[in-house]
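Each residue takes its place number in the sequence, starting with 1.
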Amino acid sequence: MIDHEFCHTVINPLTDAHAKQVESLAHRYQLVAERMQGQIGNTWSDCVTEHIMRAVTARIIALRYGEKQSIALLHKHLAWGFIYVPRLLNALKRYEQQRAQYPTIAAFYPELLQAFDEE
């Protein structure tokens with residue numbers, strides 16, 4: 001939980017800084033809007049931030065404690081309706097392997113947003 005909350009200090013400003021790109025993906029909110037009610041804020045921007053936060057936290061868990069623990073957390077997120085987390089996890093794995101190209105999460109953030117628009 002601490003990792004999740006700490007990551008908000010990085011991810012929230014990135015979501016705000018990419019507001020136009022986030023808004024261009026708002027059509028994706030309809031797939032999760034009902035499930036998100038009461039769990040997060042009621043905007044697409046909040047939904048994007050929370051999905052990314054959950055994916056980042058799952059990757060931290062995987063790196064610290066192993067993939068098995070991360071997969072267990074992923075199943076919880078999916079049960080709660082966070083359907084974009086698997087796509088984001090795949091994107092974060094690419095980020096981890098391309099750190100020379102993307103030295104910071106800020107540099108990679110547009111790539112994370114593209115994960116919401118994958119079929």
Side-chain angles (χ1 to χ4, degrees):
M1 193 62 162
I2 292 170
D3 292 326
H4 176 97
E5 294 305 325
F6 177 76
C7 287
H8 273 291
T9 65
V10 175
I11 301 301
N12 288 28
L14 291 173
T15 302
D16 292 343
H18 292 86
K20 286 184 180 180
Q21 189 178 0
V22 169
E23 187 58 33
S24 74
L25 300 167
H27 61 283
R28 293 300 198 173
Y29 190 44
Q30 64 186 341
L31 297 173
V32 295
E34 188 175 320
R35 295 290 307 274
M36 296 294 104
Q37 300 300 314
Q39 292 191 77
I40 63 168
N42 294 325
T43 68
W44 171 240
S45 179
D46 294 333
C47 183
V48 166
T49 297
E50 281 300 320
H51 271 81
I52 293 171
M53 295 304 309
R54 289 161 197 274
V56 168
T57 303
R59 284 307 300 149
I60 291 170
I61 296 295
L63 295 169
R64 281 193 190 147
Y65 306 108
E67 288 293 332
K68 185 176 179 180
Q69 296 295 329
S70 179
I71 290 168
L73 183 58
L74 170 61
H75 288 296
K76 287 182 184 180
H77 293 320
L78 289 171
W80 295 330
F82 290 89
I83 64 170
Y84 299 111
V85 171
R87 298 174 189 183
L88 292 163
L89 285 171
N90 289 334
L92 287 168
K93 289 175 186 177
R94 284 194 320 272
Y95 167 64
E96 291 167 17
Q97 295 178 0
Q98 298 175 342
R99 294 301 301 275
Q101 184 177 352
Y102 302 103
T104 65
I105 196 71
F108 191 74
Y109 193 86
E111 302 295 319
L112 284 175
L113 292 178
Q114 288 182 8
F116 286 95
D117 210 25
E118 295 172 0
E119 290 298 328

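- Between Y84 and R28 there is a side-chain heavy-atom pair separated by less than 4.5 Å.
- Of all the heavy atoms in V32 and G81, the pair that sits closest is CG1-O, 3.7 Å.
- Between P103 and Y95, the closest heavy-atom pair is O-OH, 4.1 Å.
- Atom NE2 of H51 sits about 9.5 Å away from atom NE2 of H77, to the nearest 0.5 Å.
- Closest heavy-atom contact between W80 and M36: O-CE, 3.8 Å.
- Here the straight-line distance linking atom CD1 of I40 with atom CZ of F82 works out to 5.5 Å at 0.5 Å rounding.
- Rounded to the nearest 0.5 angstrom, T15 OG1 and I52 CD1 are separated by 5.0 Å.
- No side-chain heavy atom of V22 sits under 4.5 Å from any side-chain heavy atom of T49.
- Hydrophobic clustering of Ile, Leu, Val, Met, Phe, Trp and Tyr side chains at less than 4.5 Å, counting indirect connections, unites L31 with Y29.
- Remark: side-chain polar atoms of E23 are not paired, donor with acceptor, to backbone N or O of K20 under 3.5 angstrom.
- One finds the OG1 atom of T57 at 10.0 Å from the CG atom of L89 (value rounded to the nearest 0.5 Å).
- The two atoms that bring A62 and S70 nearest to each other are CB-CB, 3.5 Å, heavy atoms only.
- Under the 30°/60° scheme for interplanar angles, the aromatic rings of W44 and F116 are found to stand perpendicular.
- For the pair L73 and R54, the minimum side-chain heavy-atom distance is 4.5 Å or more.
- L78 has its side chain within reach of P86: a pair of non-hydrogen atoms, C-beta onward, lies under 4.5 Å apart.
- We find the CG-CD distance between L88 and E118 to be 8.5 Å, quoted to the nearest 0.5 Å.
- Side-chain atoms of L112 and V48, non-hydrogen and from C-beta on, never get closer than 4.5 Å to each other.
- Between C7 and I60 the shortest side-chain heavy-atom distance falls below 4.5 Å.
- A continuous path of hydrophobic side-chain contacts links L74 to I83 [ILVMFWY only; heavy atoms under 4.5 Å].
- Note that CZ of R59 is 4.0 Å distant from CD of E96, once rounded to the nearest 0.5 Å.
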